[in-house]
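Inspection log for the structure reproduced underneath, given as structure tokens.
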Amino acid sequence: MKKILILGSTGSIGTNALELIRNNKDKYRVIGLSGNKNIELLEKQIKEFEPEYICVGSKEDKQILEKKYCNIKFYSGDFGLAEIAKEADYDIILTAVSGAIGIDATIEAIKREKRIALANKETMVSAGSYINRLLIKYKKAEIIPVDSEHSALFQSLQGFKKENIKRLIITASGGTFREKKVQELKEVSVEQALKHPNWSMGKKITVDSSTLVNKGLEIIEAHELFGISYDNIDVLVHPQSVVHSMIEYVDGSIISQMGVPDMKTPILYSFSYPEKEFNNSIKFTDFKKYSNLTFEEVDRETFKGIDLAYRAGRIGQTMPTVLNAANEIAVELFLNKKIKFLDIYAIIEKAMNEHKILNLDGEDALDIIKKVDSEIRNKVREEWGR
Ligand code: NDP
Ligand code: MG
């Protein structure tokens, strides 16, 4: 029986993970859950899965729930996410909160040498170099990517050597606004940006997919997870989202992982690895339904998210932290209709241009990351939040 702790259980990834577990209760037990504001759904999950540990966003909700569920240990707030990861008795932690808020919990899980099923890409973008250093120290800890592209790369690497990789090819659906030009993007609404053609996901990542900042974050995530140079990471638009990414090896062969666009497959693999496992909720692919699988160049001029990420990644040190923090607040402001769609790029670019890079090679790397992250968030909110 594998004991699973899910951070972000009320979200899109979290509920998909619970569906997989619901279908295989002999193999998996939910030991802990976390939600932020959706307490109604969290309570349903508590009743169904009977976890021992729960983290919620606010102290008030914690106090109310503590009175109702005497056998559960409760935590709250940002700090609570790290504490639950530090104290709960689990084999696998699924980090499916949205945003860099997931960093501390991931760090605690690494220190306990657990398996981290990592959906929370912002953690790898903002603090990837630090996390990789920790992974060297805590050798038994393992990160299994959940992000579909990275799961595909991870799967395409099984049985082969990293040294034999020529390049990683990350596929992109192209997002909601594929084929649109800058002029057409000026006035797009929040509602339009939230309509993704292939994937059903949380709001933040859906907006990131429309700007292609998501693909940018994934380039940095791939660099940090697989240690491949930015010169050898390419992006290719593939509107059908069937080929989830590919690895080209030095002998010219390309290995890819394919399937219908559904996050359950990568989530399940992060639990079952190195095994492949059947689950009733998995969808299978019928190639006859696809008359075409197409690939095209990404429009980097319109969708600046890609080049901003290559630039931040190549500069390294605190620059990816800046890119991520500026983007998180920009998306929040866009969702609250305080800024326009294209302002998201302007905000990230300005934050990066003004940032004085700090070195992350020392012992104080995590403190520096946190300080930069919080400074950028405050600055963007002050300048654009009005
Ligand atoms: P959702 O917005 O659907 O869910 C986010 C989860 O995090 C919810 O449980 C939410 O709680 C919780 N949460 C949000 N803010 C906080 C906070 N401040 N403190 C504590 N908990 C918080 O997001 P997704 O499931 O779509 O994405 C989760 C992560 O997985 C992201 O990092 C995303 O980039 C990544 N990912 C997602 C994919 C997808 O298909 N959805 C694909 C690949 C990666 P509540 O709802 O209760 O407020
Ligand atoms: Mg992805």
Side-chain angles (χ1 to χ4, degrees), residues 6-19 32-46 54-59 61-62 65 75-85 94-106 116-126 145-154 170-175 194 196 198-209 212-222 225 235 238 241 243-245 257 260-267 270 305 324 327-329 331-332 335 377:
I6 303 178
L7 302 188
S9 64
T10 51
S12 162
I13 293 284
T15 47
N16 271 303
L18 286 174
E19 197 180 327
L33 297 170
S34 98
N36 188 32
K37 295 189 176 141
N38 193 348
I39 303 300
E40 201 184 319
L41 178 57
L42 189 65
E43 281 207 68
K44 275 193 196 147
Q45 296 177 346
I46 292 176
I54 293 286
C55 184
V56 289
S58 77
K59 252 190 200 160
D61 285 330
K62 173 179 178 265
L65 292 171
Y75 304 80
S76 69
D78 305 1
F79 198 59
L81 287 175
E83 274 189 313
I84 196 172
L94 171 63
T95 62
V97 291
S98 167
I101 193 152
I103 291 176
D104 285 338
T106 304
I116 297 122
L118 182 106
N120 181 231
K121 67 188 83 184
E122 293 91 343
T123 286
M124 270 334 261
V125 173
S126 191
V146 169
D147 209 348
S148 59
E149 295 76 2
H150 305 74
S151 175
L153 294 170
F154 184 73
I170 301 179
T171 51
S173 69
L194 285 178
H196 195 281
N198 303 344
W199 297 94
S200 153
M201 312 178 282
K203 282 186 184 171
K204 194 261 174 182
I205 184 175
T206 307
V207 174
D208 284 349
S209 299
L212 260 70
V213 169
N214 180 52
K215 214 42 61 181
L217 298 177
E218 290 181 355
I219 290 166
I220 301 176
E221 184 187 11
L225 286 173
V235 172
H238 167 49
S241 298
V243 176
H244 296 309
S245 280
Q257 183 258 344
V260 287
D262 183 348
M263 288 308 295
K264 287 194 197 73
T265 296
I267 297 169
S270 74
N324 181 68
N327 179 58
E328 280 193 32
I329 304 305
V331 172
E332 180 187 298
L335 286 169
R377 281 166 200 268

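Throughout, residue positions are numbered sequentially from 1 according to the sequence presented. These numbers come from a predicted model, not from an experiment. Order of appearance sets the numbers: ligands from 1, and atoms from 1 within every ligand.
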Query - Heavy-atom side-chain proximity of Thr15 to Leu41 below 4.5 angstrom - result: yes
Query raised in the report: In the protein, what heavy atom is nearest to atom 31 (C) of ligand 1, and what distance, to one decimal place, separates them?
Result: Val97 O, 3.6 Å
Query raised in the report: Would one find an N or O of Lys37, backbone or side chain, under 3.5 Å from an N or O of ligand 1?
Result: yes
Report summary line: Separation between CD1 (Ile84) and CG (Leu33), nearest 0.5 Å, reads 8.0 Å
Query raised in the report: If you check every N/O/S atom of Asp147, which is the one nearest the Mg ion (ligand 2)?
Result: OD1
Requested in this report: Check whether any side-chain heavy atom of Ser12 lies under 4.5 Å from a side-chain heavy atom of Met263, and answer yes or no.
Outcome: no
Query raised in the report: Are any of the side-chain heavy atoms of Leu194 and Leu335 separated by less than 4.5 Å?
Result: yes
Requested in this report: For the residue pair Asp104 and Asp78, establish whether any side-chain heavy-atom pair is separated by less than 4.5 Å.
Outcome: no
Query raised in the report: Purely on distance, is any nitrogen or oxygen of Gly202 under 3.5 Å from one on ligand 1?
Result: yes
Query raised in the report: Hey, is Met201 touching ligand 1 through its side chain, its backbone, both or neither, going by heavy atoms under 4.0 Å?
Result: both
Requested in this report: Would you tell me which option among Ala96, Ala105, Ser9 has the nearest heavy-atom contact to atom 6 (C) of ligand 1?
Outcome: Ala96
Query - Contact atoms of ligand 1, heavy-atom distance to Ile205 under 4.0 Å - result: 26 (O), 33 (C), 34 (O), 36 (N), 37 (C), 38 (C), 42 (C), 43 (C), 44 (C)
Report summary line: Quick note on ligand 1: atoms under 4.0 Å from a heavy atom of Asn38 include exactly 45 (P), 47 (O), 48 (O)
Query raised in the report: Taking non-hydrogen atoms only, is Ile101 closer than 4.0 angstrom to ligand 1 via side chain, backbone, both or neither?
Result: side chain
Requested in this report: Please round to the nearest 0.5 Å and tell me the distance separating atom OG of Ser76 and atom CG of Asp61.
Outcome: 9.0 Å
Query raised in the report: Is the shortest heavy-atom distance from the side chain of Met124 to the side chain of His150 under 4.5 Å?
Result: no
Query raised in the report: Which distance, rounded to the nearest 0.5 Å, do you find between the OG of Ser34 and the CG of Leu42?
Result: 7.5 Å
Query raised in the report: Which ligand 1 atoms are under 4.0 Å away from a heavy-atom of Gly8?
Result: 6 (C), 7 (O), 9 (O)
Query - Residue and atom name of the nearest protein heavy atom (relative to atom 43 (C) of ligand 1), distance in Å to one decimal - result: Asp147 OD1, 3.1 Å
Report summary line: The atom of Glu218 among N, O or S that is nearest the Mg ion (ligand 2) is OE2
Report task. Check whether more than 12 heavy atoms from other residues, nucleotides or ligands sit under 6.0 Å from atom NZ of Lys62, and answer yes or no. Result -> yes
Query raised in the report: Backbone or side chain, does any N or O of Ser12 fall under 3.5 Å from an N or O of ligand 1?
Result: yes
Query raised in the report: Does any N/O atom on Gly11 come nearer than 3.5 Å to any N/O atom on ligand 1?
Result: yes
Query raised in the report: Are the side chains of Leu81 and Val97 in touch, meaning some heavy atoms are under 4.5 Å apart?
Result: yes
**Report entry** Check against side chain to side chain contact (heavy atoms under 4.5 Å, CB included), Glu218 and Val235
**Finding:** CA-CA 10 Å; Glu218 290 181 355; Val235 172; over 6 Å; no
Query raised in the report: So is there a nitrogen or oxygen of Gly35 less than 3.5 Å from a nitrogen or oxygen in ligand 1?
Result: no
Query raised in the report: Name of the Glu149 N, O or S atom nearest the Mg ion (ligand 2)?
Result: OE1
Query raised in the report: When you measure from atom 17 (C) of ligand 1 to each heavy atom in Leu42, Ile39, Asn36, Leu217, which option holds the nearest one?
Result: Asn36
Query raised in the report: Will you find, in the side chains of Thr10 and Asn38, an N or O donor that is under 3.5 Å from an N or O acceptor?
Result: no
Query - Closest approach of any protein heavy atom to atom 34 (O) of ligand 1, naming residue and atom - result: Lys121 CE, 3.3 Å
Query raised in the report: Does the side chain of Thr265 come within less than 4.5 Å of Gln257's, by heavy atoms?
Result: yes
Query raised in the report: Any non-hydrogen atom of Met263 lying under 4.0 Å from ligand 1?
Result: yes
Query raised in the report: Would you say the side-chain atoms of His196 and Ser173 include a donor-acceptor pair closer than 3.5 Å?
Result: yes
Report summary line: the protein heavy atom lying closest to atom 25 (O) of ligand 1 turns out to be Ile13 N, 2.9 Å
Report summary line: At under 4.0 Å between heavy atoms, what of Glu122 touches ligand 1? The answer is side chain
Report task. Look at atom 9 (O) of ligand 1 and say which protein heavy atom is nearest, naming residue and atom and giving the distance to 0.1 Å. Result -> Thr10 OG1, 2.7 Å
Report summary line: Atoms of ligand 1 under 4.0 Å from any heavy atom of Ala119, numbered from 1 in the order shown, are 30 (O), 32 (O), 35 (C), 36 (N), 44 (C)
